[in-house]
There are 2 protein chains.
Amino acid sequence: MKLTEKQQALIERIGVFQEKTGMQPVAGRIIGLLYVSDKPELTFDEIREVLGISKSATSNALNLLQHLNRLDYITFSGDRKRYFRLKLDRWRELVLQEIDSITNFSDTLQEVVAERTKSTPEYNRNILDVADFLKYLHKELPMLLQQWEEQRK
Amino acid sequence: MKLTEKQQALIERIGVFQEKTGMQPVAGRIIGLLYVSDKPELTFDEIREVLGISKSATSNALNLLQHLNRLDYITFSGDRKRYFRLKLDRWRELVLQEIDSITNFSDTLQEVVAERTKSTPEYNRNILDVADFLKYLHKELPMLLQQWEEQRK
DNA sequence: CTGTTAGTTCCTAATTTTGAGAACTAAATA
DNA sequence: TATTTAGTTCTCAAAATTAGGAACTAACAG
């Protein structure tokens, strides 16, 4: 499999974006590759070769991405290879999952305020506002998703 | 300034959370400290001492946080010290800023689809859906903030 | 039962990140 | 002018992350 300059550049950009959100470099590039590649399902060796990385790096990154719910693979009988693909059809779940983890922070903030001196009411109010908005976001996001589904038509 | 066990634990939790979003460890702990500390404004040396970190680490982290729009300082005439504080009253801007950067990814995804083969329409549709939802989120978030302001009362 | 293939694991080296310490600067004070 | 203070910058070492290579495993193929 060969990639155009443009495709390689896009993979790099996606990779760097993913890195900034805390993803390991190789894992970020694998995500980029699967976005860009004409075949949306690639084998272990195709990924390894086209990105020029070792088997261990490939194996570790693929397993990480599966744990993070970003990847999947399909198989075909009579073919021992796994065909890895992004779980793109399930991106809605991923969005909700992402908000969940942000919302956990909200609980910590409430604990913080419970622990804080009462002599800084304005400051405490600001913290509670952040916490409350995160909870609101968490509650409203599914509805926003629904609204989006409708206006999309 | 002395911290209780509970306060220290909260600082650590906030620090770790921040680290997971890509923040440097010391910077994450400074954020934690400023959330938890009874005094919401702390001097360079108070921060350095209570976290047990070096001047260079303190200086670098404080500057980083200011660039990221998370921190601020106030001064008092006749006192050369800076009093650092979280820009908590401006958290709304930070939320919008955060979404901006996610939305940039949306543009990349549209470029990806422009570059992709037309022979995988379902896959391409999924990518465009993600891109479009990110744009929708970007557009709707200010309104969501407004709605939250109202129902908060 | 031997060989091959697909992928994993272990060990290690290279790279990157992080933060300490000391030297430094600029402003205020004595 | 000399000194102190508040914070910065530079250099370097420790620690963590990342990824390569080789040995390994499990499943199937001949």
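Both backbone and side-chain heavy atoms feed into the values below; hydrogens, waters and symmetry mates do not. Computed from a predicted model, the values in this text were never measured in an experiment. Chain identifiers are assigned alphabetically (A, B, ...) following the order of the sequence lines, protein sequences preceding nucleic acid strands; residue numbering begins at 1 within each chain.
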Once you round it to whole Å, what is the distance between [atom2] of [N] and [atom1] of [X]?
X       : N      : atom1 : atom2 : answer
A:Phe76 : D:dC28 : CZ    : P     : 17 Å
A:Tyr83 : C:dG7  : OH    : C1'   : 14 Å
A:Asp45 : C:dT4  : CG    : P     : 16 Å
A:Ile47 : D:dA19 : CD1   : P     : 15 Å
A:Ile30 : D:dT18 : CD1   : P     : 13 Å
B:Leu65 : D:dG7  : CG    : C1'   : 16 Å
A:Phe44 : C:dA6  : CZ    : P     : 10 Å
B:Phe84 : D:dA6  : CZ    : P     : 12 Å

Problem - Distance test, side-chain N/O of A:Arg82 to OP1/OP2 of D:dA27, below 4.0 Å - result: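 Looking at the OP1 and OP2 atoms of D:dA27, neither is under 4.0 Å from any side-chain N or O of A:Arg82.
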Taking only N/O atoms, report every protein-nucleotides 17-20 of chain C pair under 3.5 Å with atom names and distance.
unit_1: C:dA20; atom_1: OP2; unit_2: B:Ser54; atom_2: N; d: 2.6
unit_1: C:dA20; atom_1: OP2; unit_2: B:Ser54; atom_2: OG; d: 2.7
unit_1: C:dA20; atom_1: N7; unit_2: B:Ser56; atom_2: OG; d: 2.8

Exercise for the section: Give a yes or no on whether A:Leu144 and B:Phe105 share a hydrophobic cluster (residues Ile, Leu, Val, Met, Phe, Trp, Tyr; joining criterion: side-chain heavy atoms under 4.5 Å apart). Expected result: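 Per the 4.5 Å side-chain linkage, A:Leu144 and B:Phe105 are co-clustered.
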Gap separating the [atom1] atom of [X] from the [atom2] atom of [Y], nearest 0.5 angstrom:
X        : Y        : atom1 : atom2 : result
B:Leu134 : A:Trp91  : CG    : CH2   : 7.5 Å
A:Asn69  : A:Glu93  : CG    : CD    : 7.0 Å
A:Ile31  : A:Leu65  : CD1   : CG    : 5.0 Å
B:Glu98  : B:Leu141 : CD    : CG    : 11.0 Å

List, one per line, each side-chain donor-acceptor pair under 3.5 Å for residues 42-50 of chain B, sequence neighbours excluded.
unit_1: B:Thr43; atom_1: OG1; unit_2: B:Glu46; atom_2: N; d: 3.1
unit_1: B:Thr43; atom_1: OG1; unit_2: B:Glu46; atom_2: OE1; d: 3.4
unit_1: B:Asp45; atom_1: OD1; unit_2: B:Arg48; atom_2: NE; d: 2.9
unit_1: B:Asp45; atom_1: OD1; unit_2: B:Arg48; atom_2: NH2; d: 3.0
unit_1: B:Glu46; atom_1: OE1; unit_2: B:Thr43; atom_2: N; d: 2.8
unit_1: B:Glu46; atom_1: OE2; unit_2: B:Lys39; atom_2: NZ; d: 2.5

Show each protein N/O and nucleotides 26-30 of chain C N/O combination with a separation under 3.5 Å, one pair to a line.
unit_1: C:dA27; atom_1: N3; unit_2: B:Arg80; atom_2: NH2; d: 3.0

Check whether any side-chain N or O of [X] sits under 3.5 Å from a backbone N or O of [Y] as a donor-acceptor pair, and report yes or no.
X        : Y        : value
A:Arg116 : A:Asn124 : no
B:Asp132 : B:Leu128 : no
A:Ser54  : A:Ala57  : yes

